[in-house]
Amino acid sequence: VVARGVKSGLEKLVTFAMPALFAILLLLVGYAADTGVYFSQGLEFLFTPNFSKLTSNGVLIAMGHAFFTLSLGMGAIMVYGSYLPKNASIMNVSIVIAIADTLVALLAGMAIFPIVFANGLAPDAGFGLIFVTLPIAFGHMGGGALFGGIFFLLLVFAAWTSAISLIEPVVAWLVENKGYSRVRASVVSGVATWALGVSVALSFNVWSDFTIFDKTIFNFLDYLTANLMLPIGGFGIAVFAAWVMHDKHVRDELDIPEQQYFIWKYLISYVAPAAVFLVFLHVVGIL
């Protein structure tokens, strides 16, 4: 898909995959609503505020999660943004992305948690919830085989589009800076990613004894990307936009009223770097 280029590859897939993903998600929400009292329990779990849980640690965890869910600090949004037409509003597009991302996350919670409660599962099971407990839950529910299959089809679409967005910055860099053709850049990036992915998979079994700084390959890469590269990348992007880019170029790109620009400038110059730095201190264990 990436090798076919922006319009013939990325745009065509996303035009199909995103609506399909959303439709599957709505179907699963409807399926969860059929659980009756458990659907109400799931909604209560999601939307009833408990301010005693709103700790500084929880806020920092949420900020760190934002790096993943909005693809910040890894170049994906920045590269996609470079393909925007001249007349597109960066501010409006950013707001729409944030709202849509939050909406989809809430819908996913509305689809998953009623099924979790209907089967007496722990809602905080984390990574294992998707791949261990939910398949068991679907297996014990009416129509579970069908809707379980639909659920994992949803995950395939989500993973596919995410993989494309993550490999596109590397491909774009190889094409623009190293003179690679788009096909060659995609093959090189794809094979390298696949090889690294195989080593990660093997770290759960036959390579489980191989460690880097006392961590398995999976745990090392997870720590390196989530705890170091994402916060540092986000911090660097904020600093670059605020302090390195020429002010005239920034104004031209944003094309927003003067008052909004000054608010944005203050946030990107001081608030965003400070917040990202706090996230970094938290994930490395200093805070």
Side-chain angles (χ1 to χ4, degrees), residues 2 5-7 10-11 14 18 56 59-103 105 161-162 164-180 182 185 189 224-284 286-287:
V2 176
V6 178
K7 286 190 174 294
L10 299 174
E11 188 175 307
V14 171
M18 288 295 98
S56 58
V59 172
L60 288 171
I61 291 174
M63 289 172 62
H65 176 70
F67 280 106
F68 283 98
T69 189
L70 292 172
S71 297
L72 304 175
M74 60 185 75
I77 286 292
M78 190 161 58
V79 168
Y80 277 175
S82 69
Y83 300 141
L84 284 174
K86 289 282 187 181
N87 60 346
S89 169
I90 294 177
M91 184 71 73
N92 291 342
V93 169
S94 300
I95 292 172
V96 168
I97 289 172
I99 292 174
D101 178 82
T102 303
L103 174 63
T161 53
S162 295
I164 287 168
S165 70
L166 291 176
I167 205 170
E168 175 61 22
V170 180
V171 171
W173 183 82
L174 288 173
V175 170
E176 295 175 11
N177 293 278
K178 298 298 181 182
Y180 282 35
R182 192 166 182 89
S189 303
L224 179 66
T225 54
N227 293 22
L228 300 178
M229 295 173 70
L230 280 181
I232 292 172
F235 182 84
I237 291 171
V239 170
F240 181 82
W243 300 99
V244 179
M245 282 188 68
H246 196 285
D247 194 60
K248 180 183 182 303
H249 296 158
V250 176
R251 288 174 182 269
D252 290 343
E253 289 295 334
L254 288 178
D255 192 24
I256 55 178
E258 194 73 9
Q259 186 177 7
Q260 291 183 23
Y261 175 77
F262 280 116
I263 294 173
W264 175 86
K265 186 71 173 180
Y266 175 77
L267 292 174
I268 201 69
S269 299
Y270 304 105
V271 178
V276 173
F277 187 64
L278 285 175
V279 171
F280 174 72
L281 294 180
H282 171 71
V283 295
V284 297
I286 296 177
L287 286 181

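- Residues Asp101 and Leu70 form a side-chain contact, since some pair of their non-hydrogen atoms from C-beta on lies under 4.5 Å apart.
- Side-chain contact check for Arg182 versus Leu174: every heavy-atom pair is 4.5 Å or farther apart.
- Considering all non-hydrogen atoms of both residues, Trp243 and Ser269 come closest at NE1-O, 3.5 Å.
- Contact between Pro231 and Phe280 at its shortest, heavy atoms only, is CB-CB, 3.9 Å.
- In this view, Ser162 satisfies the side-chain hydrogen bond (donor to acceptor under 3.5 Å, both in side chains) rule with no residue, not counting sequence neighbours.
- The structure places CG of Leu230 at 8.5 Å from CG of Leu72, a figure rounded to the nearest 0.5 Å.
- Sorted by first and then second residue, the salt bridge (charged side-chain N to carboxylate O under 4.0 Å, His left out) pairs with a member in residues 257-280 read Asp247-Lys265, Arg251-Glu258; sequence neighbours excluded.
- By the 30° and 60° cut-offs, the orientation of the rings of Phe235 relative to Phe277 is tilted.
- The six-membered or imidazole ring of Tyr266 lies away from that of Phe262, with a centre-to-centre distance of 6.0 Å or more.
- Between Thr102 and Ala98 the shortest heavy-atom distance is OG1-O, 2.9 Å.
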Side chains of residues 82-96: which donor-acceptor partners sit under 3.5 Å, not counting sequence neighbours?
from: Ser82; atom 1: OG; to: Val79; atom 2: O; distance (Å): 2.5
from: Tyr83; atom 1: OH; to: Glu168; atom 2: OE2; distance (Å): 2.5
from: Ser89; atom 1: OG; to: Asn92; atom 2: N; distance (Å): 3.2
from: Ser89; atom 1: OG; to: Asn92; atom 2: ND2; distance (Å): 3.4
from: Ser94; atom 1: OG; to: Ile90; atom 2: O; distance (Å): 2.7

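- Scanning all heavy atoms of the two residues, the minimum distance from Ala185 to Ser189 falls at O-OG, 2.8 Å.
- Listed here is the closest heavy atom pair of Leu267 and Pro273: O-CD, 3.9 Å.
- Around CD of Glu253, the count of heavy atoms belonging to other residues, nucleotides or ligands within 6.0 Å does not exceed 12.
- A distance of 9.5 Å separates CG in Leu166 from OG1 in Thr161, rounded to the nearest 0.5 Å.
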